[in-house]
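Could you have a look at this structure, given as structure tokens, before my questions?
Order of the sequence lines fixes the chain letters, A, B, ..., with proteins taken first and strands second; residue numbering starts at 1 for each chain. No hydrogens, no waters, no symmetry mates; every other heavy atom, side chains included, goes into these values.
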There are 2 protein chains.
Amino acid sequence: MASRKSEKLIHIARRLFETEGFHTTGIDRILAEAGVAKMTLYNNFGSKDGLIVAVLNRSSKDMIDRLKKIVAEASTDPCEQILGVFDALAMWFSDPEFCGCMFQAAVAEFPDPQSKPAQAARAHQGAVADMFAELCTNAELPDPQALGQMLAMIASGAMCTARQTQTREPADHARQIAEILLERACSTNFTPPHAASSAKSV
Amino acid sequence: MASRKSEKLIHIARRLFETEGFHTTGIDRILAEAGVAKMTLYNNFGSKDGLIVAVLNRSSKDMIDRLKKIVAEASTDPCEQILGVFDALAMWFSDPEFCGCMFQAAVAEFPDPQSKPAQAARAHQGAVADMFAELCTNAELPDPQALGQMLAMIASGAMCTARQTQTREPADHARQIAEILLERACSTNFTPPHAASSAKSV
DNA sequence: GATACAATAGACCGATCGTTCTGTTTATTC
DNA sequence: GAATAAACAGAACGATCGGTCTATTGTATC
């Protein structure tokens, strides 16, 4: 279990699914590039859909882990950390190999909301929103849950627009919007996070 | 040309592509539901890809025309009109038959940026941004071009998140963000459109 | 060295896909 | 009513797909 072969399959399949789509990428293509026999795939994942789900789950975990790490290394200030996510997006979009968010593609290719890939995409969107919400909580911002969802939505819009327009601009726009949003949230009704010594209201 | 049969094909194909995807929807299925012969499709559109492009172009035109109409009927105030777009999104998401934005799906299913469907999607995103920019110009907001792109990006994020989460919340969040953005844009460095008589800065 | 098990290559299957071809029917125009 | 062209139904094509089956090879453990 978790053999070297199935790891290789996940790794190769992820790259192919990302760059060429789920339906258009045939099983034979994955097997050839991974140098793995067909039966190994079916013994480990049961079906192509099984492999797809495995790839999605792995990708979600990897992406969020990596984001948290980048963000933690970027700054100790919670608000700066939130903006760091959008800086990471900008770097991602600048990569010539950038080809959009896998999970948005998964939802598009598997329209049935009950399908496993759609569920995985839904879970991923939730995980991203939760990550943002956690950072908002750290920043002592009001209503971190809603704010987290908004930030995740802005990030989604940036990813999808970057894919459509083939530019990195959306990341910068998204960062600006996030800045404005955080500024507003800070000044509304809670203690400003940057002036930590001030008295709490009421 | 523009015969009743090819209109029927576009109409039926649009619905099927929307609800079940481009690749998973077979030609035979479209023909059966449209009650059209196979050769009629190939005589009118040349290929399945030709039909897909025709559907995308038609959808883009329809969607933007309809949006402009809704917005014009909603209010005469340019800022209110901008927010009206997000109200329209909210209504769209509430429709139980809502299944996401066709153009996002097209980009996902046709990863090659040079492909015709990808180009159509890029053109559509540009058209939406232009529409927002025009409204921003009417509202005498600063840098309407960039603002238009931001608003289009927020709308994209809402559509994509609504699809993933199967909720209408994203539309409300998007509207809130748009409000904040407009508020900021009004008060920054230009003459506030609502208090037209105030002195210009500097 | 024998046993057990995983992984191999590759033929094979049924189904489906987009597309082409054939021959017939319908509608339009003179 | 004849002529032209469009739309029709449906068989057939080659290709590809996901998945199964078989028989062989390598590699551990006892």
ask   = Considering residues at least two apart in sequence or located in another chain, which fulfil the side-chain hydrogen bond (donor to acceptor under 3.5 Å, both in side chains) criterion with Thr19(A)?
value =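 So Thr19(A) forms no side-chain hydrogen bond (donor to acceptor under 3.5 Å, both in side chains) with any residue.
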
ask   = Atom CE of Met39(A) and atom P of dA23(D): how far apart are they, to the nearest Å?
value = 14 Å

Give every donor-acceptor pair under 3.5 Å between a side-chain atom in residues 109-116 of chain B and any protein atom, sequence neighbours left out.
residue: Glu109(B); atom: OE1; partner: His23(B); partner atom: N; Å: 3.1
residue: Glu109(B); atom: OE1; partner: His23(B); partner atom: ND1; Å: 2.8
residue: Glu109(B); atom: OE2; partner: Phe22(B); partner atom: N; Å: 2.8
residue: Asp112(B); atom: OD1; partner: Gln114(B); partner atom: N; Å: 3.0
residue: Ser115(B); atom: OG; partner: Asp112(B); partner atom: O; Å: 2.7
residue: Ser115(B); atom: OG; partner: Ala118(B); partner atom: N; Å: 3.4

ask   = Where along residues 104-119 of chain B does a heavy atom fall under 4.0 Å from DNA chain D?
value =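 Of all residues in residues 104-119 of chain B, none places a heavy atom under 4.0 Å from DNA chain D.
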
request  = Would you jot down, in residue-number order, the residues of residues 13-28 of chain B having a non-hydrogen atom under 4.0 Å from DNA chain C?
outcome  = Thr25(B), Gly26(B), Ile27(B)

message = Expressed as a whole number of angstroms, how long is the span from Leu51(A):CG to dG19(D):C1'?
response =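 Roughly 14 Å, once rounded to whole Å.
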
key: Nucleotide dT16(D), atom P - distance to CD1 of Ile30(A) in whole Å   =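 Computing the Ile30(A):CD1 to dT16(D):P distance gives 17 Å.
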
Donor-acceptor list for residues 9-18 of chain A side chains, cut-off 3.5 Å, not counting sequence neighbours:
residue: Arg14(A); atom: NH1; partner: Ser59(A); partner atom: OG; Å: 3.4
residue: Arg14(A); atom: NH2; partner: Asp62(A); partner atom: OD2; Å: 2.9
residue: Arg15(A); atom: NH2; partner: Glu33(A); partner atom: OE1; Å: 2.7

inquiry  = As an exercise, state the distance from CZ of Arg184(A) to CZ of Arg184(B), rounded to the nearest 0.5 Å.
reply    = 10.5 Å

message = Just to verify, what does Lys8(B) make a side-chain hydrogen bond (donor to acceptor under 3.5 Å, both in side chains) with, not counting sequence neighbours?
response = none

query = Is Gly50(B) touching bases, backbone alone, or none of the nucleic acid, heavy atoms closer than 4.0 Å?
reply =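 Counting heavy atoms under 4.0 Å across all strands, no contact is made by Gly50(B).
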
query = When all nucleic acid strands are considered with a 4.0 Å heavy-atom cut-off, which category describes Gly46(B): base, sugar-phosphate, or nothing?
reply =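 Counting heavy atoms under 4.0 Å across all strands, no contact is made by Gly46(B).
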
task = Let me know the distance between CG of Asn43(A) and C1' of dG19(D), rounded to the nearest Å.
result =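 Asn43(A) atom CG is separated from dG19(D) atom C1' by 12 Å.
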
message = Using only modelled atom types and a 3.5 angstrom limit, is any donor from either the side chain of Lys38(B) or the base of dG10(D) paired with an acceptor on the other?
response = no

key: For Ser47(B), side chain to side chain contact (heavy atoms under 4.5 Å, CB included) partners two or more places apart   = Asp49(B)

task = Please name all residues satisfying side chain to side chain contact (heavy atoms under 4.5 Å, CB included) with Leu67(A), sequence neighbours left out, ordered by chain then number.
result =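 Listed in chain order: Val85(A), Ala88(A), Met131(A).
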
key: Selection residues 145-158 of chain A - residue pairs positive for side chain to side chain donor-acceptor pair (under 3.5 Å), sequence neighbours left out   =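 As it turns out, the side chain to side chain donor-acceptor pair (under 3.5 Å) pairs with a partner in residues 145-158 of chain A, which skip direct neighbours, are Gln125(A)-Ser156(A).
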
message = Among residues at least two apart in sequence or on other chains, which ones pass side chain to side chain contact (heavy atoms under 4.5 Å, CB included) with Leu181(A)?
response = Leu147(A), Met150(A), Leu151(A), Ile154(A), Ile177(B), Ile180(B)

ask   = On DNA chain C, which is the earliest and which the latest nucleotide, 5' to 3', with an atom closer than 4.0 Å to a heavy atom of chain B?
value =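 That gives a stretch of dG18(C) to dC21(C).
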
inquiry  = Using the rule given for side chain to side chain contact (heavy atoms under 4.5 Å, CB included), can you reason through Glu134(B) versus Lys68(B), listing the C-alpha separation, both sets of side-chain angles and the distance that settles it, and then say yes or no?
reply    = CA-CA 11 Å; Glu134(B) 193 183 321; Lys68(B) 285 187 178 174; 4.2 Å; yes

query = Is there any salt bridge (charged side-chain N to carboxylate O under 4.0 Å, His left out) pair reaching into residues 83-106 of chain B, and which pairs are they, with sequence neighbours excluded?
reply =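 Every salt bridge (charged side-chain N to carboxylate O under 4.0 Å, His left out) pair that includes a residue of residues 83-106 of chain B, provided the two are not neighbours, is Asp87(B)-Arg175(B).
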
Distance in angstrom units between Leu41(B) CG and dA6(D) P, rounded =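 Spelled out: CG on Leu41(B) to P on dA6(D) is 16 Å.
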
